Protein chains: 2
Amino acid sequence: MNTPTLAEPATPSFSPLYQQIKTLILQSLQAGEWKPGEPIPSEIDLAARFRVSQGTVRKAIDELAAENLVVRRQGKGTFVATHAEQHVQYRFLKLVPDSGDTAAEGPAERTIVDCRRQRASAEVARALALRTGDPVLQVRRVLAYRGVPTILEDLWLPGTPFKGLTAERLRASRGPMYAMFETEFGVRMVRAEEKIRAVLPDAEQAVLLDVAAGMPLLSVERVAHTYHDTPMELRRGLYRTQTHHYRNELG
Amino acid sequence: MNTPTLAEPATPSFSPLYQQIKTLILQSLQAGEWKPGEPIPSEIDLAARFRVSQGTVRKAIDELAAENLVVRRQGKGTFVATHAEQHVQYRFLKLVPDSGDTAAEGPAERTIVDCRRQRASAEVARALALRTGDPVLQVRRVLAYRGVPTILEDLWLPGTPFKGLTAERLRASRGPMYAMFETEFGVRMVRAEEKIRAVLPDAEQAVLLDVAAGMPLLSVERVAHTYHDTPMELRRGLYRTQTHHYRNELG
DNA sequence: TAGTGGTCTAGACCACATA
DNA sequence: ATGTGGTCTAGACCACTAC
């Protein structure tokens, strides 16, 4: 049975069955049919639902798993990925202590410096696919390790999806900020890209990080995306790299 | 037929058939049975050789392709990956112009500053899995874009595999250095990890990069590995990031 | 015991490249 | 026309998890 009940593309654009299945599953993920941390239906159930073989569903899920959108667990099922219970917390944070001993260090102490509504500058609007002047939230916070302020972050979030976000709610939440975004606002970050430079701090940044004005710092500019590559956060981090470094793997 | 003619592991460590096939193919790659850029045998041939089904070979190759060790080309075959003819030249170089217009920029002008034999310091020895005092080669070069010196690199290479490498041969070679390593020394880099920091240049570095002593620079320390995770190069790069940035993707 | 994902096979057909 | 990798199916069995 090689004629699935799915709509066949008209003429020029063919796409393998499993790609179409993948798109359908993605749509359900985005629509929130299954929430982060929850299991999605079994491969057999999905195969019946889409009228394809289990192997085809399998290949679709393989790709979703490779993109970290779902997590397979043998014997249990396939689960919607989440920033919360992931054994690797802070999935997007690549700054690690030089000793490599992440465990001994423990989580960072976090201080919310600021959280305010404002209007998007041209630059912020471009990064978030908004129009200049659209409402955005700006957050500034400091992360410290063993009492040493090490990361200064400025975040810009689109106002509409994050309506109701305040400094109090940020202070109240435990764990990764991205996990809170999922549970409180239904926004799941799936991909990000970073531009990294070496810079000097301005006067205010130097005070917040407790460094001299001439201290070189890592500038990490991140745009994080939710499903379908929709940008949902612009983040600028300043990292002290005397005791930590940004770790990257090249394949 | 579910009893392949391969040696079954004794007791505790099971491993799927396709993983064993993958290991065997890897060994042939490492042994140089097929050279970079050449095709490996077809899936059907490999299946016959290993006495398994074509689907099992396929899954093994899938993983090798995911790790960038081979490249599949529909209708043509599967080829040993190479740093040379890869349409993405300089696979391990993540520094890109802020404009994003890589093509307009063209390749960097390269100047070999130095190439000398020396003995491994404790630090270099540790990175390259050698013993302190073992012979190594050190290379220093500058990469410039449009006449602006932008990257200063120091490399340390183990002396034995790279015997015969001289400044002249480096200057004579076109294209990526890693491509030359493949053709001239049979050393193929497959994976690398980088530690990134923000630093200030010392006096000599400042001169070579034509920057002031207080200019923050990106320090990129890379260890590149060949097959079986054998470290074969330690490289320290200093990047100017006024017109360029280090680009990274987070999944 | 039942259900899940993981492995392995065998065969059919498709899309692409080359001669 | 032939050979390559790419897709899809169907069914068998294994390994892990939970009840």
Side-chain angles (χ1 to χ4, degrees), chain A residues 1-9 11-25 34 37-66 68-81 85, chain B residues 1-9 11-25 34 37-66 68-81 85:
Chain A
M1 206 257 278
N2 220 339
T3 48
T5 53
L6 300 169
E8 291 286 348
T11 356
S13 69
F14 273 92
S15 128
L17 237 196
Y18 76 90
Q19 285 284 3
Q20 302 176 39
I21 303 300
K22 181 185 169 190
T23 300
L24 292 174
I25 297 176
W34 318 297
E38 289 180 3
I40 71 175
S42 76
E43 296 179 353
I44 290 176
D45 288 352
L46 288 171
R49 166 159 159 186
F50 297 129
R51 314 286 202 95
V52 298
S53 78
Q54 186 247 13
T56 300
V57 170
R58 181 163 193 79
K59 180 140 190 185
I61 294 181
D62 275 346
E63 294 211 347
L64 293 171
N68 291 312
L69 296 175
V70 298
V71 177
R72 296 176 173 286
R73 284 184 215 145
Q74 180 169 159
K76 301 179 73 171
T78 300
F79 298 77
V80 182
E85 51 172 326
Chain B
M1 210 256 282
N2 221 340
T3 47
T5 52
L6 300 168
E8 292 286 347
T11 356
S13 69
F14 274 91
S15 131
L17 237 196
Y18 76 88
Q19 286 285 2
Q20 303 177 38
I21 303 302
K22 181 185 169 189
T23 301
L24 292 175
I25 297 176
W34 317 298
E38 289 179 4
I40 71 174
S42 76
E43 296 179 354
I44 290 176
D45 287 350
L46 288 171
R49 166 162 160 183
F50 297 129
R51 313 285 202 95
V52 298
S53 79
Q54 186 248 13
T56 300
V57 170
R58 181 164 192 78
K59 181 142 189 184
I61 295 182
D62 276 346
E63 294 209 348
L64 293 172
N68 292 312
L69 296 176
V70 299
V71 177
R72 321 184 85 128
R73 286 187 213 143
Q74 181 168 158
K76 300 180 74 173
T78 300
F79 298 76
V80 182
E85 52 171 326

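By convention in this document, chain letters (A, B, ...) are assigned in the order of the sequence lines, proteins followed by strands, and residues within each chain are numbered from 1. As the structure is a computational prediction, the values presented were derived from the model and not from experiment.
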Closest to side chain of [X], choosing from [options]:
X	options	result
Leu17(B)	dG5(C), dC8(C), dT7(D)	dC8(C)
Arg72(B)	dT9(D), dA10(C), dG6(D)	dG6(D)
Tyr18(A)	dC8(D), dT7(C), dT4(C)	dC8(D)
Pro16(B)	dT9(D), dC8(C), dT4(C)	dC8(C)

Between [X] ([atom1]) and [N] ([atom2]), how many Å, whole number?
X	N	atom1	atom2	answer
Glu43(A)	dC14(D)	CD	P	19 Å
Arg73(B)	dT18(C)	CZ	P	10 Å
Ile44(B)	dT4(D)	CD1	C1'	8 Å
Lys22(A)	dT7(D)	NZ	C1'	15 Å
Lys59(A)	dA10(D)	NZ	P	17 Å
Asp62(B)	dG6(C)	CG	C1'	15 Å
Arg58(B)	dT7(C)	CZ	C1'	16 Å
Leu46(A)	dG3(C)	CG	P	17 Å

Table of protein N/O atoms under 3.5 Å from nucleotides 15-19 of chain D N/O atoms:
from, atom 1, to, atom 2, distance (Å)
dA15(D), N3, Gln74(A), OE1, 3.3
dC16(D), O4', Gln74(A), OE1, 3.3
dA18(D), OP1, Lys76(A), NZ, 3.4

[X] side-chain N/O to [N] phosphate OP1/OP2 under 4.0 Å:
X	N	result
Ser53(B)	dC8(C)	no
Ser42(A)	dT4(C)	yes
Thr78(A)	dG5(C)	yes

Which distance, rounded to the nearest 0.5 Å, do you find between the CG of Leu46(B) and the CZ of Arg58(B)?
->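 It comes to 12.5 Å.
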Side-chain heavy-atom pair Ile25(A), Val70(A) within 4.5 angstrom cut-off |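 No, too far: nothing below the 4.5 Å cut-off.
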Any side-chain heavy-atom pair of Glu63(A) and Leu69(A) under 4.5 Å =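 They are not in side-chain contact.
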Residue pair [X] / [Y]: nearest heavy atoms and the distance that separates them:
X	Y	value
Arg72(A)	Asp62(A)	NH2-OD1, 2.9 Å
Ala81(A)	Val71(A)	CB-CG2, 4.1 Å
Ala60(A)	Tyr18(A)	CB-O, 3.4 Å

Quick one: does Glu38(B)'s side chain have a donor or acceptor within less than 3.5 Å of a partner on Val80(B)'s backbone?
->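 No, the answer is negative, given that no donor and acceptor are paired below the 3.5 Å cut-off.
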